[in-house]
Number of protein chains: 2
Amino acid sequence: MEDDTSYTISQLAEEFGVTTRTIRFYEEKNLIHPRREGQKRIYKPADRVRLHLILRGKRIGLSLDESLEIIDLYDPSGNNKDQYLALIRKIEEKKQQLHLQLNDIEHMISDLDRVQEQCKRELNPNEAQ
Amino acid sequence: MEDDTSYTISQLAEEFGVTTRTIRFYEEKNLIHPRREGQKRIYKPADRVRLHLILRGKRIGLSLDESLEIIDLYDPSGNNKDQYLALIRKIEEKKQQLHLQLNDIEHMISDLDRVQEQCKRELNPNEAQ
DNA sequence: TTTTTAGTTGACGTTGACGTCAACGTTACT
DNA sequence: AGTAACGTTGACGTCAACGTCAACTAAAAA
């Protein structure tokens, strides 16, 4: 049942539109941990997912460290009750942050909507608003 | 009818939780243009709004240049038909970008929701889900 | 009048996130 | 055996977005 697909560094680079340098840099910063075959890196689906999460994080303005924090929330690396509770709290915090960002973006969009409407009114001053 | 409120640099810094250095830096980058009284900067409500927009941009991961682009969309600095049409298109593009970000964030939130639910299930394995 | 208390202008330092070589090692063809 | 094509490890460069510090000015308070 385990997926034995694997990728080279340039395959992933191509797929996600980043350079190989970038991917190696992420490894240097401990965001990804590909295995080695000889001296070459080989990437498994799990690594691909991590890369995907990092890049999604980047798109919404997270730093690499922040993305790493979120990725770490995915692996329940501890197994006792307290750690689960702590994890749930952390996740709650992250979600709140994200909701704040959602708010900012929604405001920005509706601001732009207003400006756009104003523009259109300038163009057609005669039409009923 | 004009609002003659004005602010010092440190008032704004305090209000928005940034340093005065940051605000001066934004001026150096042509994001804000306060007037001078002697050699001191004096900030008007319009400047405050610009600062607010910049910081909102930062929170959602925009660069200063990107924020500036958006801010510029607010001032219909041109007045002919073509310029309005161009402006409307630009705004549409920005909105689309923002919708993509919205999507990323929503996905991230629902991912975290799932992880959190899974955590809770680990804690109470007996309860009906 | 001296001393705080803002504020100002440089100039240089720093940090994060990579880019850009250079020098080298495999593997795969020809 | 030679030569591409792809990979590797340093090491250094770069750019944005500030931080830090020094040396100065102006106004206000003690």
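Order of the sequence lines sets the chain letters (A, B, ...), proteins ahead of strands, with each chain counted from 1. What you see is a predicted model, and the numbers here were worked out from it, not measured in a lab. The analysis underlying the following values was restricted to heavy atoms, covering all of them including side chains, and did not include hydrogens, waters or symmetry mates.
Between E15(B) and R48(B) there is a salt bridge, with a side-chain nitrogen of the basic residue lying less than 4.0 Å from a carboxylate oxygen of the acidic one. Salt bridge status for K90(A) with E69(A): absent, with no side-chain N to carboxylate O gap under 4.0 Å. Taking 4.0 Å as the cut-off between side-chain N and carboxylate O, R56(B) and D104(A) do not count as a salt-bridged pair. At a threshold of 4.0 Å, the pair K95(B)-D111(A) does not count as salt-bridged, since none of the basic side-chain nitrogens sits closer than that to a carboxylate oxygen.
Rounding to whole angstrom units, CG of residue N30(A) and P of dG16(C) are separated by 14 Å. Whole-Å rounding puts the K29(A) NZ to dG16(C) C1' distance at 7 Å. Atom CD1 in I32(B) sits about 11 Å away from atom P in dC18(D), given to the nearest Å. Rounded to a whole Å, the CZ atom of R21(A) is 15 Å from the P atom of dT14(D). Going from atom CZ of F25(A) over to atom C1' of dG10(D) covers 15 Å, rounded to whole Å. We find that CD1 of I23(B) is positioned 16 Å from P of dA17(D), with the value rounded to whole Å.
Other residues, nucleotides and ligands contribute at most 12 non-hydrogen atoms within 6.0 Å of the CD atom of E14(A). Surrounding NE2 of H107(B) are at most 12 heavy atoms belonging to other residues, nucleotides or ligands under 6.0 Å away.
Contact annotation: T19(A) side-chain N/O to dC18(C) OP1/OP2 distance is not under 4.0 Å. Taking side-chain N and O atoms only, Y26(B) has no distance below 4.0 Å to OP1 or OP2 of dA17(D).
Between the CD1 atom of I105(B) and the CG atom of L100(B) there is a distance of 11.5 Å, given to the nearest 0.5 Å.
For the pairing with E27(A), the salt bridge (Lys or Arg N to Asp or Glu O under 4.0 Å) check across R21(A), R50(A), R36(A) returns one residue only, R36(A).
Using a 4.0 Å cutoff on non-hydrogen atoms, the parts of residues 48-71 of chain B near DNA chain D are K58(B), S63(B), L64(B), ordered by number.
Looking at E122(B) and Q118(B), their side chains do bring a donor and an acceptor atom within 3.5 Å of each other.
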* To do: Using a 4.0 Å heavy-atom cut-off, write out nucleotides 3-8 of chain C from 5' to 3' as B (base contacted by protein), S (sugar-phosphate only) or - (no contact).
  => ---SSB
